[in-house]
There are 2 protein chains.
Amino acid sequence: MRASDKAYRTLRSEIIDWQLPPGTVLGEVDQSTRLGVSRTPLREALARLTADGLVATQAGRGLVVTDVSTDNIRELFEVRRALEEQAARLAAERGDPAVFDALEREFVAVPALLESEDPARHDYYDLVARLDDAIDDAVANPYLVTALRNLRTHLVRIRRLARDDKDRLREAAREHLTIVRAIAAGDSELAAHATHIHLHRALEHLLAAHTAPTAMTTGPTERTAS
Amino acid sequence: MRASDKAYRTLRSEIIDWQLPPGTVLGEVDQSTRLGVSRTPLREALARLTADGLVATQAGRGLVVTDVSTDNIRELFEVRRALEEQAARLAAERGDPAVFDALEREFVAVPALLESEDPARHDYYDLVARLDDAIDDAVANPYLVTALRNLRTHLVRIRRLARDDKDRLREAAREHLTIVRAIAAGDSELAAHATHIHLHRALEHLLAAHTAPTAMTTGPTERTAS
DNA sequence: GTCACCACCTATGTATACAGAACCCGGAAC
DNA sequence: GTTCCGGGTTCTGTATACATAGGTGGTGAC
């Protein structure tokens with residue numbers, strides 16, 4: 001694997017996992033020595049992360065991991081609504097019903113799934129990821145899929161703030177079920193509206209969880225990664 | 001100005017202006033010597049262009065300028081519809097009516113404008129660009145604005161294929177007028193639907209112009225830039 | 001005559017060295 | 001005490017050298 005890819009993937013997952021929290025200064029020499037690559041591939045990795053919106057140049061401190069504010073989340077969801085509604089619409093028009101029928105059966109089984117031993121809900125998040133993949137596959141539009149992938153990167157990072165409880169996940173599964181059924185039935189408008197509602201509810205839940213413990217991300221987080 | 005910025009802007013405008021047509025192979029050494037910068041900043045420029053979708057790595061020939069096929073245009077417009085409708089909606093909700101009232105008056109005057117001496121229609125395209133800027137300003141959403149800006153890069157490149165005649169521009173101006181009035185009136189749904197119709201008509205016109213002289217972009221365009 | 005293999009060459013990927021600019025700290029003057 | 005200036009240090013930006021991989025062309029064998 002190329003050194004620049006290695007640096008990019010490592011930094012990306014560290015940022016998403018909050019091992020590198022918002023505000024972390026990413027000096028080129030620090031990171032290149034830490035990751036064991038030279039500055040040239042590291043710069044490429046940082047450029048890609050900047051394009052992703054995970055890092056940004058702050059006034060006079062160089063590159064820092066971007067903050068996740070309440071406003072950011074709202075803005076992100078405005079874009080997300082536009083893109084995911086369109087994706088749902090197109091998936092309903094073009095998707096293979098059999099694929100979404102199979103996913104429907106899995107979403108029906110989610111309440112039972114959530115009772116099982118899986119503290120991190122990995123099985124559930126895996127199912128949602130497979131739904132996303134199926135939609136990406138169905139829309140067959142590289143531009144749209146790329147935009148959605150970029151967006152999901154941010155959403156995974158934000159998910160850490162959500163404190164998803166069992167009740168919310170059960171509700172989300174019901175919302176997903178409506179979406180999947182609409183896509184399987186080829187009803188594009190229903191799929192779009194179901195997606196709209198799902199995102200509306202997800203944003204509500206996210207903001208409710210985020211406004212309370214806001215101290216987590218704000219304030220002078222001057223931590224440096226070493 | 002940084003050498004990498006210089007290389008990026010130069011290559012970007014050359015690709016958009018069709019001076020570097022689709023299929024052109026962009027070797028690192030060729031371009032770095034041609035542009036008078038070293039390979040390091042040039043690689044950064046190429047990475048940015050790749051992220052923009054203007055160049056892509058092709059099988060075994062390295063980086064090439066991306067092709068513009070009919071399918072690409074359709075896919076691009078699917079994303080565009082999603083993002084611009086959302087932008088129009090948000091602009092109607094948040095925009096300053098005075099700004100869009102002023103633009104409305106300018107769009108009313110377009111038929112007269114098109115009669116003037118301006119073979120390249122620069123004045124008209126300028127007005128559309130100012131409308132885009134006003135919408136960007138009104139939506140006040142950096143993620144959405146960034147996505148729209150990236151999209152418009154491709155659209156400017158495609159415009160070269162459109163052969164916009166006076167009739168189409170007059171029609172487009174009427175469509176824009178409807179959009180601007182809806183935004184100024186704060187009617188988000190009307191703004192979204194007017195945008196939808198405008199994009200539908202624009203795509204129709206583009207495809208009609210593009211399917212006939214398709215030989216312009218296809219075929220073995222093995223040209224090399226030197 | 002065609003196909004396969006080998007060698008050379010050119011391209012990309014990486015490391016490092018150097019230059020310039022910006023920031024920080026200390027000192028001095030008002 | 002505060003502010004401004006200067007030196008030093010550290011960072012980014014750029015250039016270049018080197019290594020490796022992949023592609024191409026030529027030659028030989030079947």
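In what follows, every chain begins at residue 1, and chains take the letters A, B, ... in the order their sequences are listed.
- Panel note: side chain A/K6, backbone A/L35; a donor-acceptor pair is recorded below 3.5 Å.
- In A/R130, the CZ atom is crowded: over 12 heavy atoms of neighbouring residues, nucleotides or ligands sit closer than 6.0 Å.
- Remark: C1' of C/dA11 and CD of B/E28 are 8 Å apart, rounded to the nearest angstrom.
- When the nearest nucleotides of DNA chain C are assigned to A/D5 and B/V29 by heavy-atom distance, the more 5′-ward of the two goes with B/V29.
- Backbone-only contact: A/G27 has heavy atoms under 4.0 Å from sugar-phosphate atoms and none from a base.
- Between the P atom of D/dT14 and the CE atom of B/M1 lies a distance of 11 Å, rounded to the nearest Å.
- Heavy-atom distances under 4.0 Å link DNA chain D to A/R39, A/R43 of residues 36-45 of chain A, given in residue order.
- Of all heavy-atom pairs spanning B/L20 and B/V65, the tightest one is O-CG1, 3.8 Å.
- Summarising the geometry, the separation between CG on A/L63 and P on D/dC11 is reported as 13 Å, rounded to the nearest angstrom.
- Spacing between atom CG of B/L46 and atom P of D/dT14 amounts to 14 Å, rounded to whole angstrom units.
- Shown are B/I183, B/I179, B/L83; of these, the side chain to side chain contact (heavy atoms under 4.5 Å, CB included) with B/T195 is made only by B/I179.
- One can place CD of B/Q31 at 10 Å from P of C/dT12, the figure rounded to the nearest angstrom.
- One can place CZ of A/R61 at 13 Å from C1' of C/dC23, the figure rounded to the nearest angstrom.
- Side-chain N/O atoms of A/S4 include none lying less than 4.0 angstrom from OP1 or OP2 on C/dG13.
- Geometric assessment of B/R74 against the ring of B/F77 yields a negative cation-pi assignment under the 6.0 Å and 45° thresholds.
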